[in-house]
2 protein chains.
Amino acid sequence: MSTQISFSANHGTAAAPAIFGHTPWTEDTAGPRPGRDRALIVGPVQHFTQDQEIYGEGDDAPIFFKVISGVVRTCKFLGNGRRQIDAFYVPGDVFGFEPGAAHNFSAEAVCDCAVIAFRRHGVEILAVTDEGLSHQMLSYAMGSLARAQEHALMLGRKSAAEKLAAFLLEWAEHSPDSDVVSLAMARQDIADYLGLTIETVSRTLSQLEREGIIELPTTRRIRLKNVTALEDLGA
Amino acid sequence: MSTQISFSANHGTAAAPAIFGHTPWTEDTAGPRPGRDRALIVGPVQHFTQDQEIYGEGDDAPIFFKVISGVVRTCKFLGNGRRQIDAFYVPGDVFGFEPGAAHNFSAEAVCDCAVIAFRRHGVEILAVTDEGLSHQMLSYAMGSLARAQEHALMLGRKSAAEKLAAFLLEWAEHSPDSDVVSLAMARQDIADYLGLTIETVSRTLSQLEREGIIELPTTRRIRLKNVTALEDLGA
DNA sequence: CGATTGCTTGATACCTCTCAACCCAGGTGG
DNA sequence: CCACCTGGGTTGAGAGGTATCAAGCAATCG
């Protein structure tokens with residue numbers, strides 16, 4: 001066996017709680033998991049309704065979360081009402097694990113969702129002696145970094161059509177049915193994630209439909225009719 | 001002493017090499033440092049001339065770097081010649097420490113610079129038993145993440161003037177003389193970092209000068225005459 | 001000097017934003 | 001059941017900001 005250490009997630013060890021892995025924690029058990037990670041959980045599963053705030057930018061609650069069900073967004077606000085969504089989180093994803101005492105972003109429920117909270121302090125303490133856990137934390141941070149960098153590239157150098165193509169392909173991967181994307185979020189969320197306005201999102205989707213690349217049976221369901229064309233745009 | 005663990009950089013321990021810290025490693029010694037980090041160094045200090053490639057996107061050299069002198073940029077290229085600069089690195093900064101076998105970005109010398117290389121594998125091995133080093137890696141990753149997120153926010157939701165104000169304030173912090181910024185990079189680098197064209201960068205700087213907010217004695221030196229106005233824009 | 005390179009400036013085109021109207025589905029209440 | 005309201009989404013017209021294309025300028029270098 002090689003001693004090479006990779007940063008890939010989900011590697012785990014017998015001793016390490018899979019806190020950062022994309023494990024299918026369920027609503028009522030938040031497990032079953034090996035004993036230790038249960039001990040790090042702050043309280044019971046928490047439920048949030050659509051658009052409810054989970055924590056605010058600047059809150060210094062020393063806590064982070066894992067999504068059990070639903071979708072969560074993290075975002076920042078600038079003056080005059082501008083909002084930038086940093087990321088969406090789906091079940092199994094960890095969010096709110098940040099440096100410093102306070103949260104850099106606020107987190108809100110995109111749709112009704114359930115999350116479980118962990119005490120950051122407890123995890124950090126445990127990581128000192130648990131090499132697997134400390135490795136999970138690093139994997140998580142490096143993965144988040146790569147995602148944020150890709151996001152920045154998109155925001156800086158892509159057109160509206162290219163942004164939407166990339167966005168649809170990203171969510172197609174999360175979809176069980178690979179060519180029909182079910183969106184959990186409203187148009188405004190898409191716009192604030194892609195650095196566009198809601199009108200431009202709408203117009204661009206309509207244009208892609210006119211071009212035969214996608215189909216919009218309902219506003220929240222999008223059929224990808226020509227994935228190749230999307231990939232040409234989104235790349 | 002509290003057992004609280006912070007993610008702040010530069011905390012160090014006696015045993016941990018300060019590889020990720022912003023320590024003033026010098027040109028000829030790349031030290032003096034405690035013994036261990038010397039052992040992790042791949043070779044002698046390497047020199048690169050302006051615009052020379054240090055590594056390319058996709059290269060799988062299992063190596064990362066620390067800047068000794070000069071400035072380095074990491075960037076990605078899209079089709080039809082578009083380029084997005086992810087970050088600039090100044091002396092003391094670490095770059096090229098990424099997940100996966102291959103580099104996600106290419107790295108190039110902004111100006112003549114000197115860097116020192118570390119074997120990623122060696123550092124990872126050492127981090128397994130060295131808690132301080134493993135902590136440094138996490139601090140580094142979390143700090144990079146926060147920077148990338150801030151960058152994305154700027155690219156998505158700021159105007160040209162706001163981007164340039166934020167950019168100037170960022171570099172003012174690196175400047176010894178706090179109100180005169182000496183830029184190591186050309187206009188094209190600024191443009192590709194801010195998601196603009198070189199013409200827009202030039203026009204916007206001229207406009208800020210006409211408004212009395214800055215002064216441009218030479219193209220690479222910028223006097224900040226009204227920091228408050230810049231902060232109002234850049235925030 | 002002339003050539004080169006990086007930067008600035010100008011004119012115009014294009015993309016996205018802004019503001020406004022309209023549409024549509026769902027919910028409510030008479 | 002239907003009129004009405006509401007909220008999200010779409011579409012249109014016009015404005016504005018940035019890109020594009022092109023020319024001019026200044027510093028550097030042979």
Side-chain angles (χ1 to χ4, degrees), chain A residues 49-51 73 78-84 110-112 154-168 181-211 214-222 233, chain B residues 49-51 73 78-84 110-112 154-168 181-211 214-222 233:
Chain A
T49 60
Q50 188 175 334
D51 293 325
R73 64 176 175 252
L78 283 82
N80 65 341
R82 286 177 290 183
R83 183 179 70 158
Q84 177 69 47
V110 167
C111 53
D112 291 358
M154 187 185 69
L155 290 170
R157 288 296 181 208
K158 287 187 177 173
S159 70
E162 291 169 331
K163 287 174 178 177
L164 274 155
F167 179 80
L168 291 176
V181 180
S182 284
L183 299 175
M185 72 289 292
R187 294 289 188 269
Q188 187 64 61
D189 288 327
I190 301 176
D192 288 342
Y193 180 70
L194 299 179
L196 299 170
T197 59
I198 182 175
E199 295 96 332
T200 299
V201 169
S202 186
R203 263 187 266 271
T204 306
L205 287 176
S206 300
Q207 180 199 331
L208 291 175
E209 187 174 32
R210 276 194 301 277
E211 291 168 353
I214 63 172
E215 204 169 19
L216 299 157
T218 74
T219 57
R220 295 291 182 104
R221 297 183 71 80
I222 302 183
L233 277 172
Chain B
T49 62
Q50 189 175 333
D51 294 325
R73 64 177 176 250
L78 284 81
N80 65 341
R82 285 177 289 185
R83 182 181 72 159
Q84 177 67 48
V110 168
C111 53
D112 291 359
M154 185 184 72
L155 290 170
R157 287 297 180 207
K158 287 187 177 173
S159 70
E162 291 170 330
K163 287 174 178 178
L164 273 155
F167 179 79
L168 291 176
V181 181
S182 285
L183 299 175
M185 73 289 291
R187 293 290 187 268
Q188 187 64 61
D189 288 326
I190 302 176
D192 288 342
Y193 179 70
L194 299 178
L196 299 169
T197 59
I198 182 175
E199 293 98 331
T200 298
V201 169
S202 185
R203 263 188 266 271
T204 305
L205 286 176
S206 300
Q207 179 199 332
L208 290 175
E209 187 174 32
R210 275 194 302 277
E211 292 168 355
I214 63 172
E215 203 170 18
L216 299 156
T218 74
T219 56
R220 294 291 183 102
R221 297 183 70 80
I222 302 182
L233 276 172

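Bear in mind that the values here come from a model prediction, so they are computed numbers and not experimental data.
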Phosphate-side-chain proximity, Ser202(A) and dG9(D), N/O vs OP1/OP2 below 4.0 Å: no
5' precedence on DNA chain C between Ala161(A) and Ser206(B) (nearest-nucleotide basis): Ser206(B)
Value in whole Å for how far the P atom of dT9(C) lies from CG of Leu205(B): 10 Å
Gap between atom CE of Met154(B) and atom CG of Leu155(A) - 0.5 Å precision: 10.5 Å
Residue closer to the 5' end of DNA chain D, Thr219(A) versus Arg157(A) (nearest nucleotide): Thr219(A)
Inter-residue atom distance Thr200(B).OG1 - Lys163(B).NZ, 0.5 Å rounding: 9.0 Å
Gln84(B) side chain vs Asp192(B) backbone, donor-acceptor pair below 3.5 Å: yes
Rounded distance (Å) that lies between atom C1' of dA20(C) and atom CD of Glu199(A): 10 Å
Interatomic distance, Ile198(B) CD1 vs dT9(C) P [rounded to whole Å]: 13 Å
Short side-chain N/O contact from Thr200(B) to OP1 or OP2 of dT18(D), under 4.0 Å: no
Rounded distance (Å) that lies between atom P of dG8(D) and atom CD of Gln50(A): 8 Å
Gap between atoms CZ and P, on Arg203(A) and dC22(C) respectively (whole Å): 16 Å
Sugar-phosphate, base or nothing in reach of Ser159(B), heavy atoms under 4.0 Å: sugar-phosphate
Leu216(A) CG - dC24(C) P separation (whole Å): 15 Å
Presence of Thr197(A) side-chain N/O under 4.0 Å of dC17(C) phosphate oxygens OP1/OP2: yes
Rounded distance in Å - CG (Asp189(A)) to P (dG9(D)): 9 Å
Gap separating the CD1 atom of Ile190(A) from the CZ atom of Phe167(A), nearest 0.5 angstrom: 4.5 Å
From OG (Ser206(B)) to CD1 (Ile214(B)), nearest 0.5 Å: 8.0 Å
Atom pair distance, as rounded to whole Å: CZ in Arg82(A) and P in dT16(C): 18 Å
